[in-house]
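Written below as structure tokens is the structure these notes are about.
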Amino acid sequence: MRSIRIRVLKIATAAACMGGITLAGQSGESEKNTMPTFAFEHQYIDTELGGRSFGQTALADLDRDGRPEFITGRSGGDIYWFDRDPTGRWTRHLLGRQSPSDVGGAALDVDGDGWIDFVTGGAWYRNPGPPGDGPFERIVFDAALARVHDVAIGDINGDGRPEVVSMSDKNNLRWYGIPADPRQPWVRHDIGSPVHAGLSLGDVDGDGDLDVVRTDVWFENVRGDGTEWTEHPIGPNTPPPPDFRPPFAFNATKSRVCDMNGDGRNDIVFVDAEIPGGKVWWMENLDGKGTRWLRHDIPNADPARRGAYHTLWVGDLDGDGDLDVFSCEMEGVGGVNPPRWYIWENLDGRGGSWREHVILDAGLGGHEAVVGDIDGDGRLDICSKLWSPRKDNANGGRMHVDFLRNVGP
């Protein structure tokens with residue numbers, strides 16, 4: 001096994017007060033009166049990964065050892081999985097070749113044999129169970145589906161089995177049912193027109209089935225079986241700044257459907273994923289039907305223009321029962337300062353009062369980071385990598401794959 005050098009950082013929390021939304025130093029009766037410590041140790045998973053344009057991230061227990069492994073794949077190239085042993089050493093393995101995807105990928109048991117497989121673009125990679133150092137078998141289910149930016153997994157037609165939803169501005173927004181024999185072509189079902197990014201799934205209208213979000217609109221699953229869709233507006237995202245307007249910068253977010261304020265209605269959290277100076281915000285579902293929305297911005301704790309937030313995870317990171325937000329800045333679409341990693345702590349439990357914590361400030365960015373308990377200690381850790389590196393990053397301007405081990409309370 002190959003040893004990877006380790007760098008350890010314990011990062012203190014950062015706090016400030018901006019605008020009309022509480023960050024640190026202000027609290028109401030229902031807000032937390034103490035500042036929890038978010039403490040993470042940084043470890044390089046890999047400092048020698050060749051190339052660039054890596055996406056397709058996931059955490060999955062590929063070898064059934066009870067611990068998740070980290071997966072990432074290069075756009076149009078090789079896919080790797082990284083295994084962490086009980087001593088903390090990481091080993092890189094080849095998962096597959098010739099990925100037809102761009103950024104999107106997802107882990108699931110496609111063929112029902114009890115071993116987790118991997119889906120990218122119009123192909124899936126069959127886990128031989130147990131996996132070794134050689135590539136998984138590559139099986140094409142739609143040869144025309146390539147350059148996919150977003151992939152999501154969910155039960156779209158209500159049959160109790162997962163379906164695969166995909167989108168990019170090179171294809172449309174669609175879902176595929178997995179046939180009994182997944183080696184055969186999968187049946188494509190169209191949902192609507194695409195944007196560059198921003199796909200997520202959730203019950204937006206409260207009728208018990210999965211709807212589909214696409215950055216600026218959501219699609220109602222009218223019959224609950226994925227056969228009929230109605231488009232509804234959500235609201236605008238941040239326009240690209242005048243000095244950064246490539247085609248992919250428009251209508252490109254990361255989104256998550258969740259009940260941010262605890263009122264029993266699903267809201268939507270967003271970050272701007274492809275532009276410098278992007279925002280973090282959530283849209284409140286005022287009527288629970290997805291027809292009336294109110295935007296709530298989560299402000300930065302400093303005024304400097306930041307890099308693109310091409311990561312979004314929403315969940316309880318401090319164990320208090322409400323939803324916090326995690327993201328990190330890219331290197332490839334950078335801000336004025338070196339990239340950092342952030343947690344926005346939900347102070348009042350209703351998404352109206354926030355405290356920003358910088359959990360990594362080490363000259364290293366992230367892209368498509370994923371969150372899970374890697375080391376089995378009950379705390380949520382973070383794995384990430386780059387799309388493309390900055391020349392001045394802390395790894396000598398080279399690609400890097402990163403692990404933030406949660407060592408907090």
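All values derive from a computational prediction rather than experimental measurement.
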Less than 6.0 Å separating the ring centroids of F219 and W229?
no

In H296, E284, R350, the residue satisfying side-chain hydrogen bond (donor to acceptor under 3.5 Å, both in side chains) with N261 is E284

Could you tell me whether R306 and D302 have a side-chain N and a carboxylate O separated by less than 4.0 Å?
yes

Please tell me if the side chains of W293 and W218 come closer than 4.5 Å, counting only heavy atoms from C-beta onward.
yes

Side chain proximity check, R84 to I374, heavy atoms < 4.5 angstrom:
yes

Look at the rings of F248 and H196 and say which category their plane angle falls in: under 30° parallel, 30 to 60° tilted, over 60° perpendicular.
tilted

D150 bridged to R214 by N-O distance under 4.0 Å:
no

With a 3.5 Å distance limit and no angle check, can you tell me whether E329 reaches the backbone of R340 through a side-chain donor-acceptor pair?
yes

Using a strict threshold of under 4.0 Å (side-chain N to carboxylate O), is an ion pair present between D267 and R265?
no

Can a donor-acceptor pair be found, under 3.5 Å and without considering hydrogens, that links the side chain of W124 to the backbone of P182?
yes

Are Y342 and S327 side-chain neighbours, meaning at least one heavy-atom pair lies under 4.5 Å?
no

Are N395 and R398 linked by a side-chain donor-acceptor pair shorter than 3.5 Å?
yes

With respect to R126, which candidate in D113, D109, D117 satisfies the salt bridge (charged side-chain N to carboxylate O under 4.0 Å, His left out) definition?
D113

In this structure, OH of Y125 is separated from CZ of F118 (nearest 0.5 Å) by 9.0 Å

Quick check on salt bridge (charged side-chain N to carboxylate O under 4.0 Å, His left out): which of D381, D373, D375 does R405 satisfy it with?
D375

I'd like to know if D142 and R174 make a salt bridge, using a cut-off of under 4.0 Å between side-chain N and carboxylate O.
yes

Spell out, as yes or no, whether a donor-acceptor pair under 3.5 Å connects the side chain of Q43 to the backbone of G88.
yes

Could you tell me the separation between the CG atom of L386 and the CG atom of L364, rounded to the nearest 0.5 Å?
8.0 Å

Test item: R67 and P86 side chains (from C-beta on) under 4.5 Å apart, heavy atoms
yes

How about N237 and T253: does a side-chain donor come under 3.5 Å of a side-chain acceptor?
no

Does N346 reach the main-chain N or O of G351 with its side chain, forming a donor-acceptor pair under 3.5 Å?
yes

Between D225 and R223, does at least one N-O distance fall below 4.0 Å, as a salt bridge requires?
no

Quick one: do K254 and E368 make a salt bridge, cutoff under 4.0 Å?
yes

Drop me the distance from I343's CD1 to C328's SG, to the nearest 0.5 angstrom.
11.0 Å

Does any part of the side chain of F326, heavy atoms only, come nearer than 4.5 Å to the side chain of W341, both counted from C-beta?
yes

Axial cation check for W115 ring with R64, 6.0 Å and 45° limits
yes

Is the closest side-chain heavy-atom distance between Q56 and S99 below 4.5 Å?
yes

Taking the side chain from S101 and the backbone from V148, do they hold a donor-acceptor pair closer than 3.5 Å?
yes

To the nearest 0.5 Å, what is the distance between CG (D259) and CG (L323)?
7.5 Å

Can you see which heavy atom on L62 is nearest to which on N127, and at what distance?
O-ND2, 3.0 Å

When you measure from the side chain of N157 to the backbone of G226, do you find a donor-acceptor pair of N or O atoms at a distance under 3.5 Å?
no

Looking at D297 and R295, is any side-chain nitrogen of the basic one under 4.0 Å from a carboxylate oxygen of the acidic one?
yes

Within the distance-only criterion (no hydrogens, no angle test), does the side chain of R138 pair as donor or acceptor with the backbone N or O of A123 below 3.5 angstrom?
no

Under the criterion side-chain contact (heavy atoms from CB on, under 4.5 Å), which of N285, V325, I268 is the partner of M260?
V325

pair P241-R305: side-chain heavy atoms closer than 4.5 Å:
yes

Does any non-hydrogen side-chain atom of F250 lie less than 4.5 Å from one of V195?
no

With rounding to the nearest 0.5 Å, note down the distance linking OG in S193 to CG in N171.
13.0 Å

Could you state the interatomic distance from CG (L404) to CD1 (I45), rounded to the nearest 0.5 Å?
9.5 Å

Between S53 and S75, is there a side-chain donor-acceptor contact under 3.5 Å, judged purely by atom types and distance?
no

Check each of H310, H367, R52, E331 against W387 using the side-chain contact (heavy atoms from CB on, under 4.5 Å) test, and report the only one that passes.
H367

Do you know which two heavy atoms are closest between I116 and A60, and how far apart they sit?
CG2-CB, 3.8 Å

When you check the gap from the basic side-chain N to the acidic O, do D205 and K289 get nearer than 4.0 Å?
no

Over all atoms of both residues, closest heavy-atom pair of R390 and P338
NH1-CA, 4.0 Å

